[in-house]
Number of protein chains: 2
Amino acid sequence: MATISDVATRAGVSTATVSRALNGKSTVDPALAARVFAAAAELGYRPNGPARNLRKQETAVLALIIADVENPFFTAIARGVEDVAHAAGYSVVLCNSDDEPEKEREYIDVALQERVAGVLLSPTGDSESVELLDRHATPVVAVDRPLPNTTSDTVLVDSRLAAAEAVQHFADQGYRRVGCLTGPSGVRTADDRLAGYRDGVEATGLPVSEELVRRSEFKAAGAKQAAHSLLTAPDRPDAVLVANNMMAVGVLETCAELGLRPGRDVGVVAFDDAPWATLLDPPLTVVAQPAYDVGAVAAQLLLGRISGERAEATTKTLSAHLVARASSTRQQA
Amino acid sequence: MATISDVATRAGVSTATVSRALNGKSTVDPALAARVFAAAAELGYRPNGPARNLRKQETAVLALIIADVENPFFTAIARGVEDVAHAAGYSVVLCNSDDEPEKEREYIDVALQERVAGVLLSPTGDSESVELLDRHATPVVAVDRPLPNTTSDTVLVDSRLAAAEAVQHFADQGYRRVGCLTGPSGVRTADDRLAGYRDGVEATGLPVSEELVRRSEFKAAGAKQAAHSLLTAPDRPDAVLVANNMMAVGVLETCAELGLRPGRDVGVVAFDDAPWATLLDPPLTVVAQPAYDVGAVAAQLLLGRISGERAEATTKTLSAHLVARASSTRQQA
DNA sequence: ATGAAAGCGCTAACAA
DNA sequence: TTGTTAGCGCTTTCAT
């Protein structure tokens, strides 16, 4: 593969001039610059990234470490990140942590080795990995979940408030026993949504009972089981708040199996809007999160840090909103 | 950030020894190796990726360029790729081409600059970008769609056959006028599915008519419109084959708006299985594609090329299969 | 405005 | 077994 000195030779100039010309430095004779461009094109020259990165001691790549590329919430975030990063000339590498601290560490390690310019992290809850970043002075911004004991920029969704609102909505619709199906303990969003659920239960004077709460992975399979346990309990809830859209799939499967019609027999509200939510019968009420914006804002924050901003660490909290549909409306056909 | 010579100094050895120890070369005195590891740990040393890549003239990263991270079919592929790449010590960078040749080129360019070890590409249909790869001798494998005029490894799904089978299935169920909604002309999978549809129509002796065919983007919005045009036409089809799961969302929305019940009023079969397909009423019949395997096989092929295999270019064609559910069954409640 | 040359951090000959 | 040393390809002083 052609190197800069091949180009220099062909254009009859020094490598320094080639570098200057190709990088658009002001001080290059137009005639020489033209020769350089021609030579580069003829040779199909492409600057060697690693060499440049080594020399400049910086790269134009951002690492985005999320739990799961198959979760639409995270892919929407990825879009947001990519759009703003790309506009600023940065590339994004996507990594799946699967919510395993070990994988998370591994990816952070790679990011550090490759000397990425910054990291966007949706932390598993493990604090150890963060120290890594800290120690190496690589800018980080936390996405969707806060970083433990750290003062870095953070972009969150106020899902606690949204969860409380969902419970209020259930109460308004006349549901009397509201349950909650949330994610693993220790995962901040899972705990927040549960806390919001409790806020709502308390505010509306609905009955409180630990028997109305279940936890599972943020996936369909676990949620299906948990929902079964919840909905076949002696004092089963007449409504349930589900903490994520993949879990919603499991819950709805269970409802179908038990012959429980959403809305009529059991109210259902799930976090995350999905294109198929309106196709269901009845359509699914959701808490829509501004996922794309979460990503976009986070990327902006990170880019700011990379370019040396030294302000206090900020936390941006975006808000989610309830989209009421028939799965949480009793008075339906 | 600590460098290899910092570690060398601290351990009281040369940089060469540090390098050897850290890379697990056989010939290092255990005692020295221990000192090296200790020093590295104390300093939080992390080898400089760009420097190593420059020196070794190779990187352990694969680029995966797909149309859309928000399409579950592609994210499943990504999982397959990542799992095998990771097991072999490679990282994967994911890029969205949005099916735009320009973005595709841009990402290929970046991949080339960064000297990735290989590229997995789901081509937009533009051949120009392929020449780039070719010229730079970077191994490529085509995923889901073949590369134009090139002899590189390819992993496909036999969606033409599957489409024909879907039409046969419609015929078996007593549908008489089967339509087809496929993707943009020029996108190979879109054209293949259409061809398969035609094969099926011909084989079953169903009526042929260009008026039963529509095209749109591989997304919900376009498909919704196209479906409307198709289903409100004077001689509307009584069944429709949909070329992808995002389009299926649009089609089903249109059905709902027109008061057409899938299965009873209009048979529906869509490509790609989705977790929510069974939640619909009636459940959606799909052509399930082995997306994860596509990714896994492609990554294996690529890794083979990277390690210097010189065999003939192979094309692996995996098969899809119909999962019959009620949206294509007339005899339902 | 251009060129010569140093050096980013690492690995791999080659010597010892 | 260990150390010395020469680059990988690039950008960037420093001279000119």
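Throughout, a chain's letter reflects where its sequence line sits, starting with A, and its residues are numbered from 1.
Phosphate contact (OP1/OP2 of D/dG9, side-chain N/O of A/R52, threshold under 4.0 Å): absent. In terms of phosphate contacts, B/N53 brings no side-chain nitrogen or oxygen within less than 4.0 Å of OP1 or OP2 of D/dC8.
At a threshold of 4.5 Å between non-hydrogen side-chain atoms, the residues A/R105 and A/L132 count as touching. Looking at heavy atoms from C-beta onward, B/N53 lies out of side-chain contact with A/L54 at the 4.5 angstrom threshold.
For the side-chain contact (heavy atoms from CB on, under 4.5 Å) test, residues two or more places apart in sequence or in another chain that qualify with B/T315 are B/T154, B/L156, B/T317. Residues passing the side-chain contact (heavy atoms from CB on, under 4.5 Å) test with B/P123, sequence neighbours excluded: B/L121, B/R145, B/L147. Under the rule for a side-chain contact (heavy atoms from CB on, under 4.5 Å), the partners of A/R10 that lie at least two apart in sequence or sit in another chain are A/A39, A/E42, A/L43. Under the rule for a ring pair (Phe, Tyr, Trp, His ring centres under 6.0 Å), A/F73 has no partner lying at least two apart in sequence or in another chain. Residues satisfying the salt bridge (Lys or Arg N to Asp or Glu O under 4.0 Å) test with A/R55, not counting sequence neighbours, are none. For B/Y107, the ring pair (Phe, Tyr, Trp, His ring centres under 6.0 Å) test picks out A/H86, with sequence neighbours left out. A/D68 meets the side-chain contact (heavy atoms from CB on, under 4.5 Å) test with A/E70, A/N71, A/N96, A/K219, A/M246, B/R79; sequence neighbours excluded.
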Write out a two-atom table: protein N or O, nucleotide N or O from nucleotides 12-16 of chain D, distance below 3.5 Å.
| residue | atom | partner | partner atom | Å |
| --- | --- | --- | --- | --- |
| D/dT12 | O4' | A/R55 | NH2 | 3.2 |

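Taking the nucleotide of DNA chain D with the nearest heavy atom to each of B/Q57 and B/V28, the more 5' of the two is matched to B/V28.
For DNA chain D, no neighbouring residue in residues 38-49 of chain B is found when judged by any heavy atom under 4.0 Å.
The two residues B/R46 and A/R115 make their nearest non-hydrogen contact at O-NH2, 3.1 Å. Closest approach of A/T59 and A/Y90 over heavy atoms only: O-CE2, 4.2 Å.
Within 6.0 Å of atom CD in B/E102, 12 or fewer heavy atoms from other residues, nucleotides or ligands are found, so the atom counts as exposed in its surroundings.
Under the ring pair (Phe, Tyr, Trp, His ring centres under 6.0 Å) criterion, no residue pair touches residues 30-66 of chain B, with sequence neighbours excluded.
The nucleotide range of DNA chain C contacted by chain A, defined by atoms under 4.0 angstrom from heavy atoms of the protein and reported 5' to 3', is C/dA1 to C/dG9.
The distance from atom CZ of B/R115 to atom C1' of D/dC10 is 11 Å, rounded to the nearest whole Å.
With the end axes of the helix from C/dA1-D/dT16 to C/dA16-D/dT1 each set by five pairs, the angle from one to the other reads 40° at 10° resolution.
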